[in-house]
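Along the sequence shown, residues are numbered consecutively beginning with 1.
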Amino acid sequence: MVQAIPHASELNSPTRRYCLTTTGLERLADLERVTPEELLATRPVSARWRRALLERLDALAVIYRTAATFPHAQRGLEFRWYRSGAVDAGIILPGGRTLAVVRMGNAADRTAFAKRLWRLSQETRPDAVLLLAPGQVRLRQVSRMLDSLPLLGFLAQEGDAARAESEARIWQTPASQVPMNLAEVLEYVPTGGALPETGPVRREAVPAYLRLDLADDESVPPHLLPVLLKRTEKRVLDLLHDWPWLTTPHLEQFLRVNPTRVSQVSARLKSLGLVAPVKAQGTQLLALSERGLAVLARRDRSALGASRQRWSAAPVNAGAPLEWRNVHGSRSRQLLRHLDHTQSVHWFLGALSEQSRSCGCELPQLDPPRRATRFFRRDGRLHSVRPDAFGVLQRDGTEQPFFLEWERRAVRPVTMAGRIAPYLRYYSGSHPLDDHGVIPRVLVVFDDDLAASHFLRVAAREMRKTGVRVPLWVSHRAALERLGPLGAAWLRPGSFHPESAF
């Protein structure tokens with residue numbers, strides 16, 4: 001009557017998940033005194049529903065875990081899934097109060113997600129919204145989005161929700177960062193709201209038995225990939241989405257595994273058609289295929305067309321050599337055009353990941369440029385800092401965030417002044433503290449020590465002129481290759497003795 005399928009993700013331990021078979025559906029219909037057709041029309045058990053839920057299985061696991069931690073007094077709740085619209089799932093409590101669950105996935109675009117929340121505020125509004133975000137920085141971004149909307153919202157990091165027990169204090173509101181558990185959250189939820197409609201009833205098909213004994217090739221149905229992929233394989237897909245054009249050695253450093261393991265994982269992902277090996281500028285690189293982009297887009301409910309337009313590594317002309325002009329995705333094209341710069345950033349982050357492991361540190365967060373960008377208002381105008389990466393280093397229980405800038409073009413004083421200007425505006429107010437809770441360091445790396453020395457003098461002059469202090473650390477590639485990113489390879493403005501930046 002039921003079928004068990006294996007499942008694991010980066011946030012969820014390997015387990016088995018269950019779904020009804022055809023026999024189980026018939027038995028359930030008999031118990032509820034309805035026809036199988038009525039059951040298919042009113043429950044998420046049809047073939048169409050099964051495909052949609054399997055595609056989002058990693059997200060479903062976290063949402064189910066959240067629902068499972070509700071207080072015992074609220075366990076008789078009603079659960080409702082959504083195939084489309086602003087809401088991922090809806091929860092109706094025994095007294096009739098309604099909660100919407102909205103998840104921001106790792107591959108989700110910030111602007112598109114803001115529009116999702118806005119649509120929810122314009123629809124039939126639930127009594128409250130539970131929002132899940134993939135990290136602390138994005139949690140703060142979602143908090144600001146929610147603060148401007150007429151919605152009562154409670155936020156938590158997705159990783160915390162995946163591991164939380166019933167009494168875990170992981171939830172907060174936009175107005176207060178004092179953590180609460182779900183029992184305390186429910187005390188603030190009013191009555192009178194309603195969940196959005198699920199759409200018109202349509203004729204649904206009976207789902208077939210899931211065959212998991214499939215060959216590792218591109219014939220595997222896309223909706224079964226979240227079931228068949230292992231945790232490390234899903235981790236590789238996320239890494240290649242964040243950092244396109246990775247080399248195998250850099251991937252080894254990011255994953256912190258040996259070359260044999262990387263070779264095994266890469267080979268399986270290639271055979272499934274999710275990763276494409278390419279050669280560009282004489283270098284062997286890895287990139288997500290169109291199929292790989294689709295898997296992540298469907299998991300995180302992001303627009304597949306927009307994802308392909310930005311991140312596709314597919315050639316425009318399959319018969320021509322792969323170079324930046326022949327790449328379909330606009331942002332992938334830009335990264336390939338400046339491949340030396342792209343690989344320098346990958347090298348630094350890979351070296352930092354490798355050295356942090358040997359020093360007993362952790363890197364809980366590494367964000368690519370699109371998530372590292374910070375927008376802020378100053379003097380009535382919108383400004384931004386656009387670093388090459390953002391990360392958080394954790395050592396002895398203390399977290400230290402940092403921005404990374406790898407400079408190759410700032411060789412003249414006027415250009416160097418232009419590079420430090422956005423950070424002078426950003427650090428002139430409370431924006432860094434508002435965004436991160438602590439003041440992030442700004443790490444600037446040059447290819448040679450002469451440019452690094454010139455930049456230090458220019459930065460010191462600009463900080464004196466504006467009266468703004470930027471926590472700036474400058475280094476060059478040769479020093480980092482010799483001492484590592486965690487070594488005494490950094491200089492600060494006004495200092496002549498190399499120090500560690502962390």
Side-chain angles (χ1 to χ4, degrees), residues 104-115 117 131 133-149 155 157-158 172 174 177 241-243 302 310-311 331 334-335 341-342 345 348-349 352 363-394 399-407 409-410 416-445 455 459 462-463 466-474 501-502:
M104 184 184 200
N106 191 60
D109 179 76
R110 185 173 71 170
T111 301
F113 188 79
K115 290 179 180 178
L117 290 183
L131 290 116
Q136 187 61 240
V137 172
R138 301 198 94 181
L139 191 75
R140 291 175 186 269
Q141 292 173 350
V142 173
S143 179
R144 287 195 288 270
M145 295 176 195
L146 192 64
D147 199 30
S148 62
L149 297 174
L155 307 98
Q157 291 190 57
E158 186 179 21
Q172 63 186 52
Q177 295 188 9
H241 186 266
D242 286 348
W243 311 100
S302 59
R310 294 168 184 163
W311 301 111
R331 297 189 184 178
Q334 183 182 17
L335 291 171
H341 177 271
T342 300
V345 174
F348 178 91
L349 296 176
L352 178 61
L363 280 171
Q365 186 173 346
L366 281 179
D367 288 341
R370 63 181 179 277
R371 294 205 303 272
T373 299
R374 302 288 182 265
F375 294 96
F376 60 97
R377 289 198 172 273
R378 184 172 180 266
D379 299 331
R381 295 179 59 189
L382 184 66
H383 297 274
S384 66
V385 290
R386 300 174 181 270
D388 294 311
F390 171 83
V392 176
L393 181 78
Q394 189 175 66
E399 291 188 346
Q400 180 56 64
F402 64 90
F403 294 109
L404 172 67
E405 292 276 4
W406 192 288
E407 284 297 345
R409 296 181 177 180
M416 292 179 176
R419 289 290 189 268
I420 194 66
Y423 288 97
L424 291 170
R425 289 190 288 265
Y426 185 61
Y427 282 86
S428 66
S430 63
H431 307 295
L433 199 60
D434 295 340
D435 286 341
H436 308 99
V438 294
I439 302 296
R441 286 166 165 76
V442 180
L443 311 182
V444 183
V445 185
F455 182 78
E462 295 299 314
M463 283 191 275
T466 59
V468 177
R469 179 70 178 171
V470 176
L472 183 67
W473 299 79
V474 181
F502 297 97

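- In this structure, OG1 on Thr111 lies 7.5 Å from CE on Met145, to the nearest 0.5 angstrom.
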TODO: Please step through side chain to side chain contact (heavy atoms under 4.5 Å, CB included) for the pair Gln172 and Leu139, ending with a clear verdict.
DONE: CA-CA 10 Å; Gln172 63 186 52; Leu139 191 75; 3.9 Å; yes
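- Considering only heavy atoms from C-beta on, Leu335 stays 4.5 Å or farther from Trp243 through its side chain.
- Contact check for Leu363 versus Leu393: side-chain heavy atoms found under the 4.5 Å cut-off.
- In this structure, the separation between CD on Gln365 and CZ on Phe402 is 9.5 Å, given to the nearest 0.5 Å.
- In this structure, Glu399 and Pro364 approach most closely via the heavy-atom pair OE2-CG, 4.4 Å.
- From Leu146, atom CG reaches atom CG of Leu131 across 5.5 Å, with rounding to the nearest 0.5 Å.
- Within the 4.5 Å cutoff, the side chain of Leu404 has no heavy atoms near those of the Leu352 side chain.
- Each of Arg140, Arg144, Arg138 was checked for a salt bridge (Lys or Arg N to Asp or Glu O under 4.0 Å) with Asp435, and the lone residue meeting it is Arg144.
- Panel note: side chain Arg469, backbone Gly467; no donor-acceptor pair is recorded below 3.5 Å.
- Atom-to-atom distance recorded for Arg374:CZ and Asp434:CG is 12.5 Å, nearest 0.5 angstrom.
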Open item on the list: Is there a salt bridge (charged side-chain N to carboxylate O under 4.0 Å, His left out) between Asp109 and Arg310? Walk through the geometry before answering.
Closed with: CA-CA 11 Å; Asp109 179 76; Arg310 294 168 184 163; 3.3 Å; yes
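- In this structure, Ala133 and Val142 approach most closely via the heavy-atom pair CB-CG2, 4.4 Å.
- A distance of 10.5 Å separates CG of Asp367 from CG of Leu349, quoted to the nearest 0.5 Å.
- The aromatic rings of Phe403 and His436 sit perpendicular to each other, their planes meeting at more than 60°, with 30° as the lower class boundary.
- When atom types are taken as modelled, the side chain of Thr373 and the backbone of Pro369 share a donor-acceptor pair closer than 3.5 angstrom.
- Each of Glu405, Glu462, Glu407 was scored for a side chain to side chain donor-acceptor pair (under 3.5 Å) with Arg419, with one residue passing: Glu407.
- In the model, His341 has a side-chain atom that pairs as donor or acceptor with a side-chain atom of Asp388 under 3.5 Å.
- Closest approach of Arg378 and Ser428 over heavy atoms only: NE-OG, 3.1 Å.
- In plain terms, the two heavy atoms of Pro174 and Leu155 that are nearest each other are CD-CD1, 3.7 Å.
- Closest non-hydrogen pair, Tyr427 versus Pro440, comes out as OH-O, 2.6 Å.
- Between Asp242 and Arg371, at least one side-chain nitrogen of the basic residue sits less than 4.0 Å from a carboxylate oxygen of the acidic one, meeting the salt-bridge criterion.
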Open item on the list: Determine whether Ile420 and Leu472 satisfy the following criterion, side chain to side chain contact (heavy atoms under 4.5 Å, CB included), listing intermediate values before the conclusion.
Closed with: CA-CA 10 Å; Ile420 194 66; Leu472 183 67; 4.2 Å; yes
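- For the residue pair Ala501 and Leu443, the shortest heavy atom distance occurs at CB-CD2, 3.9 Å.
- Under the 6.0 Å distance and 45° angle rule, Arg110 does not count as a cation-pi partner of Phe375.
- Environment of CD in Gln394: crowded, with over 12 heavy atoms of neighbouring residues, nucleotides or ligands closer than 6.0 Å.
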TODO: Carefully, step by step, assess Val468 and Met463 under the rule side chain to side chain contact (heavy atoms under 4.5 Å, CB included).
DONE: CA-CA 5 Å; Val468 177; Met463 283 191 275; 5.7 Å; no
